[in-house]
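Residue numbers begin at 1 in each chain, while the letters A, B, ... track the order of the sequences. Please read these numbers as outputs of a predicted model, since none were measured by experiment. Just so you know, these numbers use all the heavy atoms, side chains as well, and skip hydrogens, waters and symmetry mates.
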Amino acid sequence: FPKQTFSLCCKPFRCRSLPARRKYMRSPLVPEMATQEVQLNETLSHLKTESDTLKTKLEEERAKLHDVELHQVAEKVDGLGQFVMKTRRTLKGHGNKVLCMDWCKDKRRIVSSSQDGKVIVWDAFTTNKEHAVTMPCTWVMACAYAPSGCAVACGGLDNKCSVYPLSLDKNENLAAKKKSVAMHTNYLSACSFTNSDMQILTSSGDGTCALWDVESGQLLQSFHGHAADVLCLDLAPSETGNTFVSGGCDKKANVWDMRSGQCIQSFETHESDINSVRYYPSGDAFASGSDDATCRLYDLRADREVAIYSKESIIFGVSSVDFSLSGRLLFGGYNDYTINVWDVLKGTRVSILFGHENRVSTLRVSPDGTAFCSGSWDHTLRTWA
Amino acid sequence: MARDMSDKEILKMELDQLKKEVSTARTPLAANCAQTVSMVEELFPNDPLIKGVSDEKNPYKGDKGGCTVT
């Protein structure tokens, strides 16, 4: 009988309590299915061959347009001078690993979520905690601020995304007003409001992304295409239309049309899970950070990867990436506790920021670009400027 | 959901996607990179994290938010 193969993805993964992510897992066979298995294998290998042929063709088409490298075009651009960036505030209060954070549009408030099950809203200038919610589950892996600043969304191992309206009354129990919006069949890895408080986009360990109506909880559109857990997503800047990008454990970054649910572009150059994706300020490109210790930049018009940000000395995975306001700097939070700052155009590293005492798990630049905030497994968040 | 799909279904899904993508419209890198570089050069002078912010306007000035004595 054909040998049973059962490959588990065993690597230092983010949540030890989660089932291992699978890559092309074969289900155990029953002996009577031996002949069927032979047929299945023929079809599978046929599909694989066809798939590989197309992948080669796609690479050829993309290579035709590879007439220049980004750093070559950027040769005449002035190098970045020395600039100082240091921790300006440390936000302490979480009892366990900080997993996610997001800025409010007022450029001052921050929402963060943690393994301890708590979601906290902070004033980043004063470090005061303004609100705190205890979720019914631990590992709150995703949180997001509503554009209006009046609500936050969060979720994780509960497989849901819930919205909490923020009350002006500090004594009010926020948990009472909780609204369950999204329901997935596996953990929630990321969430984001669209342009309004009315819709939320989610990604999940179940391999899908979905768009939900907040008020009714109705599923508006679902996005299928990833072959394994989806770990991150980012919406295109509003001016550039209705698309978003997602990254997953299948090493793919997919660009989706929000209205049709179709995947319009797909990139598979990373060598491991993609933990973070972020659109470029122009909307014509996006960056990704991966467990393969590299950040990469993909140009959507040329439909290819245009830059890799890596060094031989950097061997730990990237958990999160974001751009500075002009798109000149790319910040990457790494599992070796550091933040590396890259010159996007020249492809070189301009700075390493130390301070966190454990993995950096999340990183976002403030809406006006004056600062960025990082969250870490060391239970704290830091704002840098 | 990807976890519930068989290997065959996943391969089929990838194949269908690849067929669509092969005919995507693409433009050469040189023009796109030049555009990216010029966009950055335009926005660069106003990037607060690169150029810095004067102390008067900097909300993070100093180590602490300050204290008020009542």
Per-residue contact mode, [X] against chain B (heavy atom under 4.5 angstrom):
X	value
A:Ala307	neither
A:Ile264	backbone
A:Asn254	neither
A:Ser222	neither
A:Arg108	neither

* Asked: Which heavy atom in B:Pro48 sits nearest to a heavy atom in A:Thr370, and how many Å separate them?
  ->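 Shortest heavy-atom contact: CB-CA, 3.7 Å.
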
* Please name the pair of heavy atoms, one in B:Val40 and one in A:Ser326, separated by the smallest distance, quoted to 0.1 Å. =>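 Looking at all heavy atoms of both residues, the shortest contact is CG2-O, 3.6 Å.
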
* Asked: Hey, what do you get for CG (B:Asn32) to CG (A:Leu70), rounding to the nearest 0.5 Å?
  ->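 B:Asn32 atom CG to A:Leu70 atom CG measures 10.5 Å (nearest 0.5 Å).
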
* Asked: At what distance, to the nearest 0.5 angstrom, does OG of A:Ser324 lie from CG of B:Asp47?
  ->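 Answer for the OG-CG pair, A:Ser324 versus B:Asp47, is 3.5 Å.
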
Please look at [X] and chain A and tell me whether the side chain, the backbone, both or neither of the residue comes under 4.5 angstrom of a heavy atom of that chain.
X	value
B:Glu41	side chain
B:Glu9	neither
B:Ala31	neither

* Between B:Lys12 and A:Glu50, is the closest basic N to carboxylate O distance under 4.0 Å? ->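 So A:Glu50 does not pair with B:Lys12 through a salt bridge.
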
* Report the residues that fulfil side-chain hydrogen bond (donor to acceptor under 3.5 Å, both in side chains) with A:Glu305, sequence neighbours left out, ordered by chain and then residue number. =>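 Counting only residues at least two positions away or on another chain, A:Glu305 forms a side-chain hydrogen bond (donor to acceptor under 3.5 Å, both in side chains) with A:Thr269, A:Arg296.
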
* **With sequence neighbours excluded, residues passing side-chain hydrogen bond (donor to acceptor under 3.5 Å, both in side chains) with A:Ser246** =>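 Listed in chain order: A:His226, A:Trp256.
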
* Any side-chain heavy atom of B:Thr27 within less than 4.5 Å of one from A:Leu65? ->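 They are not in contact (no side-chain heavy atoms under 4.5 Å apart), so the answer is no.
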
* **Close side-chain approach of A:Phe331 to B:Leu49, heavy-atom, < 4.5 Å** =>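 Of all side-chain heavy-atom pairs linking B:Leu49 with A:Phe331, at least one is under 4.5 Å.
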
* Side-chain donor-acceptor pair under 3.5 Å between A:Asp303 and B:Thr24, yes or no? ->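 No, because no side-chain N or O of A:Asp303 sits under 3.5 Å from a partner of the opposite role on B:Thr24.
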
* Under 3.5 Å: donor-acceptor pair, side chain of A:Gln265, backbone of B:Glu21 ->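 Side chain of A:Gln265 to backbone of B:Glu21, a donor-acceptor pair under 3.5 Å: no, none is there.
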
